[in-house]
Amino acid sequence: MKGCSVTIKGVYKSFGATPILENIDLEIKKGEFFSMLGPSGCGKTTLLRCIAGFESLSQGSVFLGDREVTNLPPNERPVNTVFQNYALFPHLNVFENVAFPLRIKRSKTNLIQEKVRHYLELVKLSDHLNKMPNQLSGGQRQRVAIARALINEPEVLLLDEPLSALDAKLRHQLLVDLDALHDEVGITFIYVTHDQQEALGVSDRIAVMDKGKILQVGSAFEIYDQPANAFVAEFIGETNLFTGQVDMVIGSDIMVSIDQLGLLKITSTISVLPFSQVTVSLRPEKITLYHRLPLNTQGPVFRGIVEEIVYAGYQSRIYVKVGERLISVQQPHVVGAGSDHFSWKEPVFITWDPTSCRLVEVASP
Ligand SMILES: Nc1ncnc2c1ncn2[C@@H]1O[C@H](COP(=O)(O)OP(=O)(O)O)[C@@H](O)[C@H]1O
Ligand SMILES: [Mg+2]
């Protein structure tokens, strides 16, 4: 496989006195599809620009493979970037846009022919060689930009929110194609997005960022199932967060006293001390909804009222009011079952397995 690893060690970056990146440590593997996910303004673009060499670091170092590139200019790094806004040359046709980096290098004409055709085929644009950028759709323009970024055969392709200007359906299609393209070219992809669906869909691993820091690195499943803190739990999909105090610890069973809900049993892999303040995350799909008081359940049972139903095709999100709290429950639509129908203001019961709860914040007493 081509491509190289990317190692970022102790990177800090400030603009003036404002810290933008703080103590970033990352090891991105050779050939990996790696995403950086975080809200707008958290420092994703700045971090990409540090890897590409467009920004100097305030502190720290960047390695591509075994080679330190911290002080190398962008054109001496085997890296290329695809930006959010196509950045094509409007006066050049598709072929010449993609050929441009090779023309600069004064490559031989038949090599240019061969390579441009190859990369345009990879991005499925072979039929559009002679079109001008303004004759292309947004998705096609972005494919041209990707082909142009690949033509110098970089070890690492950096993609900065490349789909954000496209509509939802096109975004999905291009993401699937990008995944296939990654398999085909085999180099390292670093993909930046604020959209968790995009990141969860294609990445081998994801770094979740907020306010210039990396909060967690892991596979989509790991960060969804074992979020490192409350921010990650809420940023990746919807969740219910409960805060309370640990009352009792019996082995892996923790009793937490939660405001308005009372004592909650949680089976945790993390050990905590009694009297710790904790935050518990419980995903909506882990909660089961009943019309009548369920018998033989292992978990806690709460009585509530259906406050809101949000229909979303194959499932509904049902908000159940328990005391003063609104709890989000994901209810699948079972074809032909009939009994899964819940109505507004209906009294219901909810329950869950204590092993479904995750401790996402712990402040020791
Ligand atoms: N050249 C710059 N000068 C000063 N501040 C900047 C500059 N570039 C980015 N910033 C600031 O750095 C922060 C992170 O920006 P950015 O890396 O673009 O975030 P993201 O890509 O995650 O939206 C923002 O607060 C932004 O205003
Ligand atoms: Mg950005």
Side-chain angles (χ1 to χ4, degrees), residues 6-26 28 33-62 69-75 77 79-88 138-139 141-142 145-146 148-149 154 156-168 170-171 174-175 178 188-203 205-218 220 223 227-237:
V6 178
T7 309
I8 297 164
K9 286 189 190 165
V11 163
Y12 286 78
K13 173 73 187 170
S14 310
F15 286 115
T18 317
I20 303 294
L21 297 174
E22 288 181 62
N23 197 20
I24 305 283
D25 280 305
L26 270 182
I28 298 164
F33 197 128
F34 190 91
S35 291
M36 297 185 192
L37 171 66
S40 178
C42 75
K44 305 180 297 293
T45 294
T46 305
L47 184 52
L48 268 200
R49 289 172 58 83
C50 289
I51 297 171
F54 297 119
E55 298 289 352
S56 59
L57 309 180
S58 305
Q59 223 183 95
S61 46
V62 176
V69 297
T70 314
N71 298 314
L72 287 185
N75 60 350
R77 302 185 186 200
V79 165
N80 226 326
T81 311
V82 176
F83 300 96
Q84 175 176 345
N85 48 351
Y86 329 118
L88 301 182
R141 275 181 238 168
Q142 205 52 312
I146 292 167
R148 189 179 58 187
V156 181
L157 185 67
L158 306 176
L159 300 127
D160 193 357
E161 313 230 14
L163 311 183
S164 60
L166 308 175
D167 64 57
L170 215 61
R171 229 164 33 225
L174 205 53
L175 197 61
L178 209 52
T188 312
F189 276 28
I190 305 181
Y191 185 87
V192 157
T193 180
H194 66 274
D195 182 317
Q196 41 123 349
Q197 297 288 8
E198 282 180 17
L200 294 178
V202 290
S203 317
R205 287 188 308 149
I206 300 165
V208 183
M209 290 180 69
D210 187 38
K211 299 194 180 100
K213 295 198 178 86
I214 289 176
L215 305 180
Q216 186 170 10
V217 180
I223 59 173
N229 58 32
F231 177 87
V232 177
E234 282 197 299
F235 194 70
I236 312 291

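Quantities reported herein were computed from a predicted structural model and do not represent experimental measurements. In listed order, ligands and their atoms are each counted from 1.
- Taking a 4.0 Å cut-off on heavy atoms, S40 registers as neighbouring ligand 1.
- Considering backbone and side-chain N/O atoms, C42 comes within less than 3.5 Å of an N/O atom of ligand 1.
- Residue contacts with ligand 1: T45 is placed with a nitrogen or oxygen under 3.5 Å of a nitrogen or oxygen of the ligand (distance criterion only).
- In this structure, atom 25 (O) of ligand 1 lies nearest to the protein heavy atom G41 O, 4.1 Å.
- Using a 4.5 Å heavy-atom threshold, the side chains of V202 and L178 count as separate.
- For atom 12 (O) of ligand 1, the closest non-hydrogen atom on the protein side is I20 CD1, 3.1 Å.
- The protein reaches atom 20 (P) of ligand 1 closely, with a heavy atom under 4.0 angstrom from it.
- Not a single N/O/S atom of T46, whether from backbone or side chain, sits less than 2.8 Å from the Mg ion (ligand 2).
- Considering both main-chain and side-chain atoms, F15 never comes within under 3.5 Å of ligand 1 through any nitrogen or oxygen pair.
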Before giving the answer on side chain to side chain contact (heavy atoms under 4.5 Å, CB included), spell out for E55 and F15 the whole-Å C-alpha distance, their side-chain angles and the decisive distance to 0.1 Å. CA-CA 10 Å; E55 298 289 352; F15 286 115; 3.6 Å; yes
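- Looking at F34 and L26, their side chains come closer than 4.5 Å, going by heavy atoms from C-beta outward.
- By the 4.5 Å heavy-atom criterion applied to side chains, V156 and R77 are not counted as neighbours.
- Proximity of K9 to D25: side-chain heavy atoms (C-beta onward) are separated by under 4.5 Å at one or more points.
- Residue T46 comes nearest to K13 through the heavy atom pair CG2-CG, 3.9 Å, listed as atom of the first residue, atom of the second, then distance.
- The closest donor-acceptor contact from the side chain of N23 to the backbone of G10 lies at 3.5 Å or more, if one exists at all.
- In terms of protein heavy-atom proximity, atom 16 (P) of ligand 1 is nearest to T46 OG1, 3.7 Å.
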